[in-house]
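Residue numbers run from 1 in the order of the sequence given. In this text, all values refer to a predicted model and were calculated from it rather than measured experimentally.
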Amino acid sequence: MAILPLVDDRLVHGQVLLFWRRHWQIDKILVANDAVAMDELRKSALRLIIPPALSCEIVTVAQAATRLVAGTAETRTLLLLASPVDAWDILKRGAALKHVNVANLSARPGAKKLTPHLYVTQEERWALDRLSQSGVAVTAKQLPHSSDAFEAGVPNIAQ
């Protein structure tokens, strides 16, 4: 089983389906998001854009962690998360995450620019630090062929 965690607050969209899926040769997408998992309309909307040949499951963060700890995920699973806080939560629950790529976190109130495509809150920054300190390789690549914005380490939040 290969779990490939990707943080992108947009969750399922064209870049995920066209670039990340092909690059990692994904068999399944596991969306771990509490808000979406509890909203039937949002789940239905996400499922509409998933190609029929690709398996997709939308669960809470706790449910995703349980599946990952139990080893019940399919062979090549893209774990889609909306925030690094969710990645930290999954790691705390015992899932073995070796690597987390942060592809996109949109500008929003309370978030500060970290890179051109990453705006983080203090809580998200804290989670990135905890992941890194726990031995998780944290990268920031918007697309598979992009350079890693965190190559020299997670930068400080721009003032």
Does any part of the side chain of Pro84, heavy atoms only, come nearer than 4.5 Å to the side chain of Leu105, both counted from C-beta? yes

In Å, rounded to the nearest 0.5 Å, how long is the span from OG1 of Thr115 to CD of Gln142? 7.5 Å

Step by step, work out the side chain to side chain donor-acceptor pair (under 3.5 Å) result for Gln63 and Thr60. CA-CA 5 Å; Gln63 290 169 328; Thr60 66; 3.3 Å; yes

Looking only at non-hydrogen atoms, find the nearest pair between Leu91 and Ser134 and report the distance. CD2-CB, 3.8 Å

Co-membership, hydrophobic cluster, residues Leu11 and Leu78, 4.5 Å side-chain: yes

If you group Ile, Leu, Val, Met, Phe, Trp and Tyr by side-chain heavy-atom gaps below 4.5 Å, do Ile26 and Val12 land in one group? yes

Is a side-chain donor or acceptor of Glu124 paired with a backbone partner of Thr121 at a separation under 3.5 angstrom? yes

Closest heavy-atom pair, Ala127 versus Trp88, reported as atoms and distance to 0.1 Å, is CB-CB, 4.1 Å

Mind checking whether Leu4 and Leu68 sit in one hydrophobic cluster, side chains of I, L, V, M, F, W, Y counted as touching below 4.5 Å? no

Please examine the side chains of Arg76 and Lys28, heavy atoms only from C-beta on, and report whether any two atoms are closer than 4.5 Å. no

With a 4.5 Å cut-off on side-chain heavy-atom distances among I, L, V, M, F, W and Y, is there a chain of contacts connecting Val31 to Ile3? no

List for me each residue that meets side-chain contact (heavy atoms from CB on, under 4.5 Å) alongside Ser132, sequence neighbours excluded, and say none if there are none. Val138

Could you walk me through whether Leu17 and Leu54 satisfy the side chain to side chain contact (heavy atoms under 4.5 Å, CB included) test, starting with their C-alpha distance in whole Å, then the side-chain angles of each, then the deciding distance to 0.1 Å, before giving a yes or no? CA-CA 10 Å; Leu17 295 174; Leu54 183 63; 4.1 Å; yes

Taken in chain and number order and not counting sequence neighbours, the residues that satisfy side chain to side chain donor-acceptor pair (under 3.5 Å) with Gln15 are Arg10

Over all atoms of both residues, closest heavy-atom pair of Arg42 and Ala35: NH1-CB, 3.8 Å

If you define the side chain from C-beta out and look only at heavy atoms, does anything of Arg21 sit under 4.5 Å from Val16? no

Taking all non-hydrogen atoms of both residues into account, name the closest pair between Pro5 and Leu97 and its distance. CG-CD2, 3.8 Å

For Leu81, does its backbone N or O pair with a side-chain atom of Asn33 as donor and acceptor, under 3.5 Å? no

Do Val7 and Asp86 have side chains that approach each other closer than 4.5 Å (heavy atoms only, starting at C-beta)? no

Hey, are the side chains of Leu79 and Leu6 touching, using non-hydrogen atoms and a 4.5 Å cut-off? no

Using salt bridge (Lys or Arg N to Asp or Glu O under 4.0 Å), reason through Lys43 and Asp39 one step at a time and then give a plain yes or no. CA-CA 6 Å; Lys43 283 198 297 192; Asp39 185 332; over 6 Å; no

Taking all non-hydrogen atoms of both residues into account, name the closest pair between Val69 and Gly94 and its distance. CG2-C, 3.4 Å

Residues, nucleotides or ligands: over 12 heavy atoms within 6.0 Å of Arg108 CZ: yes

First locate atom OG of Ser146, then atom NE2 of His117, and finally report the distance between them rounded to the nearest 0.5 Å. 6.5 Å

If we ignore hydrogens and angles and just use 3.5 Å, is the side chain of Asn101 paired with the main-chain N or O of Lys141 as donor and acceptor? yes

With sequence neighbours left out, which residue pairs that include part of residues 22-55 fulfil the ring-ring contact (aromatic ring centres under 6.0 Å, His included) condition? Trp20-Trp24

Would a 4.5 Å heavy-atom cut-off, applied to side chains only, mark Leu118 and Val102 as touching? yes

Rounded distance [0.5 Å steps], CG in Leu80 versus CD1 in Ile58: 10.0 Å

Tell me, yes or no, whether the heavy-atom count around Gln133 atom CD, taken from other residues, nucleotides or ligands under 6.0 Å, exceeds 12. yes

Decide side chain to side chain donor-acceptor pair (under 3.5 Å) for Asp148 and Thr139; before the verdict, give the C-alpha distance in whole Å, the side-chain angles of both, and the deciding distance to 0.1 Å. CA-CA 6 Å; Asp148 180 7; Thr139 57; 5.0 Å; no

Please determine whether residues Val120 and Ile90 belong to a single hydrophobic cluster, defined as Ile, Leu, Val, Met, Phe, Trp and Tyr linked transitively by side-chain heavy-atom distances below 4.5 Å. yes

Say you draw a straight line from CD1 of Ile29 to SG of Cys56; how long is it, rounded to the nearest 0.5 Å? 5.5 Å

